[in-house]
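Report on one structure; see the data block that follows.
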Number of protein chains: 2
Amino acid sequence: MSKIRTEKNIAPKTVILEKAAGLFKTKGFAATSMRELASELGIEAPSLYNHIGSKDELLQEICFKVANSFILHLTKVENLDQSIIRKVELLIRFHIKMTLENFDEVFVANHEWRNLQEPYLKKNLTLRRNYEKRLVSLIQNGIEKKEFSKINPQVAALTILAALRSLEFWQRHKKNISEKTLEDTIVHQLLNGIIQ
Amino acid sequence: MSKIRTEKNIAPKTVILEKAAGLFKTKGFAATSMRELASELGIEAPSLYNHIGSKDELLQEICFKVANSFILHLTKVENLDQSIIRKVELLIRFHIKMTLENFDEVFVANHEWRNLQEPYLKKNLTLRRNYEKRLVSLIQNGIEKKEFSKINPQVAALTILAALRSLEFWQRHKKNISEKTLEDTIVHQLLNGIIQ
DNA sequence: CCTACCGATCGGTAGG
DNA sequence: CCTACCGATCGGTAGG
């Protein structure tokens with residue numbers, strides 16, 4: 001009876017994916033039911049399947065969309081003619097922007113990818129590890145060029161990636177600090193530390 | 001027929017909690033069934049309920065045990081007569097030790113607390129926010145004493161806490177690096193940054 | 001500790 | 001888009 005409300009030619013599937021990301025973020029993938037998702041969209045559960053293939057498919061699309069965005073940007077940055085420090089800075093800033101602009105999707109991709117079914121689980125893990133390795137190489141490169149101190153590049157890479165997850169906690173403080181300030185502060189802290 | 005195997009007077013409930021933490025970590029709380037847990041312990045699902053009250057109870061015990069450990073240690077550190085830098089360093093080192101020594105529990109407490117039922121969900125969130133606030137105060141204190149540069153103490157606190165989650169990725173690299181080196185490297189990176 | 005079993009809920013299909 | 005409904009699985013109880 002009541003169609004999914006789509007503004008300005010947005011495909012119903014897109015609307016479903018958005019709502020799904022929000023629910024998966026708040027309740028977790030496994031704890032979210034298709035009836036709940038349908039209810040939020042104002043339709044009955046079976047109607048969802050006119051637009052999507054399965055619940056698993058929703059998680060797959062969210063996880064791989066996010067992964068591909070990060071990989072695409074990393075490739076661009078690698079090919080820039082810039083200092084390594086600048087490249088790492090650009091990566092950090094991109095993570096922050098992506099996270100703030102696509103909060104639900106990034107959150108779900110980070111927390112719920114474990115619920116992917118094979119072969120997607122393995123594929124996703126490979127993409128993540130590959131991304132990490134390329135960041136490690138970049139940092140290794142920076143150490144060789146004396147831009148970075150003699151840190152352990154693996155520890156540095158994983159620490160930076162994990163630190164960027166702090167953005168997940170920032171939603172509730174959003175009003176207190178501008179995105180620009182937040183970006184600059186995090187970049188400075190990760191590159192320069194906090195000691196006077 | 002087959003009892004839960006407990007070595008050296010370990011309570012059956014302890015064994016159940018350990019296995020549960022392992023499963024919740026790998027599959028997530030909602031995606032783990034009590035039949036699966038029972039099967040791993042070599043018993044039938046209904047037998048679990050001779051030792052525990054409910055599935056929810058398992059998650060509660062894990063989350064609050066971990067939270068209380070961190071809070072207890074924070075209180076100790078706050079009362080020490082040491083520099084703020086040293087106090088923050090001690091906190092970082094404790095997080096690393098706790099995470100490496102109680103990997104499954106810490107992982108579950110960090111990732112699955114969203115699956116707690118009220119009033120435990122709210123209680124747990126309060127504990128987490130309170131912990132964060134006390135770390136922010138400590139850092140604020142360090143800025144006032146000129147031990148830290150004029151960073152944003154909230155950003156600094158959340159970045160440090162998030163960065164410590166990088167330990168979750170370190171299980172698979174364990175062989176490559178000693179715990180001592182890992183600790184020193186992370187402490188140095190968070191306090192001093194990575195730039196030469 | 002088990003077997004037997006319950007009501008509830010799940011993802012998804014059939015058919016219109 | 002709906003109603004009607006399916007088999008599977010869930011957390012948990014009864015009773016021994």
Side-chain angles (χ1 to χ4, degrees), chain A residues 1-7 9-24 26-63 108 112 114-118 120-121, chain B residues 1-7 9-24 26-63 108 112 114-118 120-121:
Chain A
M1 197 69 84
S2 78
K3 274 196 171 180
I4 291 181
R5 265 208 285 155
T6 59
E7 299 156 21
N9 292 334
I10 299 176
K13 183 161 182 178
T14 308
V15 183
I16 294 173
L17 277 167
E18 272 176 27
K19 270 272 188 275
L23 284 170
F24 295 169
T26 307
K27 310 198 51 171
F29 173 76
T32 300
S33 74
M34 295 304 271
R35 282 158 176 81
E36 216 174 340
L37 173 57
S39 165
E40 289 252 324
L41 291 160
I43 60 176
E44 297 300 320
S47 304
L48 287 168
Y49 295 88
N50 290 305
H51 305 289
I52 64 166
S54 66
K55 186 186 180 188
D56 287 334
E57 183 196 276
L58 293 175
L59 185 60
Q60 288 157 27
E61 299 215 6
I62 293 169
C63 289
V108 170
E112 302 295 326
R114 253 166 250 275
N115 292 288
L116 288 167
Q117 302 292 323
E118 298 292 4
Y120 303 99
L121 180 59
Chain B
M1 197 69 85
S2 77
K3 273 198 173 177
I4 292 180
R5 265 207 284 155
T6 59
E7 300 158 18
N9 293 332
I10 298 175
K13 183 161 181 178
T14 308
V15 183
I16 294 173
L17 277 167
E18 272 176 28
K19 270 270 188 278
L23 284 170
F24 294 168
T26 308
K27 310 198 51 171
F29 173 77
T32 301
S33 74
M34 295 305 271
R35 282 158 176 80
E36 216 173 341
L37 174 56
S39 165
E40 290 251 326
L41 291 161
I43 60 176
E44 297 301 320
S47 304
L48 287 169
Y49 294 88
N50 291 304
H51 305 290
I52 64 166
S54 66
K55 186 187 181 188
D56 287 335
E57 183 196 276
L58 293 174
L59 184 61
Q60 288 157 27
E61 299 215 5
I62 293 168
C63 289
V108 169
E112 302 295 327
R114 252 166 253 274
N115 292 288
L116 288 168
Q117 301 293 322
E118 297 294 4
Y120 302 99
L121 179 59

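Letters A, B, ... mirror the listed sequences (proteins, then strands); counts begin at 1.
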Item to check | Contiguous Watson-Crick or G-U pair runs (3 or more, under 3.5 Å) in DNA chain D | outcome: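 Stem segments, range with range: C:1-16 with D:1-16.
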Interatomic distance, [X] atom [atom1] to [Y] atom [atom2] [nearest 0.5 angstrom]:
X	Y	atom1	atom2	result
I62(B)	E57(B)	CD1	CD	10.5 Å
L58(A)	H51(A)	CG	NE2	12.0 Å
L48(B)	I4(B)	CG	CD1	6.5 Å

Checklist entry - For T26(A), which residues count as a side-chain contact (heavy atoms from CB on, under 4.5 Å) partner, sequence neighbours excluded? => result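 Expected list: none.
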Item to check | DNA chain D contacts among residues 35-53 of chain B, heavy-atom distance under 4.0 Å | outcome: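 Under 4.0 Å from DNA chain D: R35(B), P46(B), Y49(B).
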Let me know the distance between [atom1] of [X] and [atom2] of [N], rounded to the nearest Å.
X	N	atom1	atom2	result
D56(B)	dC10(D)	CG	P	16 Å
K55(A)	dT9(C)	NZ	P	15 Å
M34(B)	dT13(D)	CE	P	11 Å

Item to check | Heavy-atom side-chain contact between N115(A) and F24(A) under 4.5 Å | outcome: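 No, every pair of side-chain atoms sits at 4.5 Å or beyond.
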Checklist entry - Are more than 12 heavy atoms from other residues, nucleotides or ligands located less than 6.0 Å from atom NZ of K19(B)? => result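 Not more than 12 within 6.0 Å, no.
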Checklist entry - Above 12 or not: heavy atoms from other molecules or residues under 6.0 Å from OH of Y120(B)? => result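 Not more than 12 within 6.0 Å, no.
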Next on the checklist: When you measure from the side chain of K27(A) to the backbone of S33(A), do you find a donor-acceptor pair of N or O atoms at a distance under 3.5 Å?
Outcome noted: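 Between the backbone of S33(A) and the side chain of K27(A) there is no qualifying donor-acceptor contact (under 3.5 Å).
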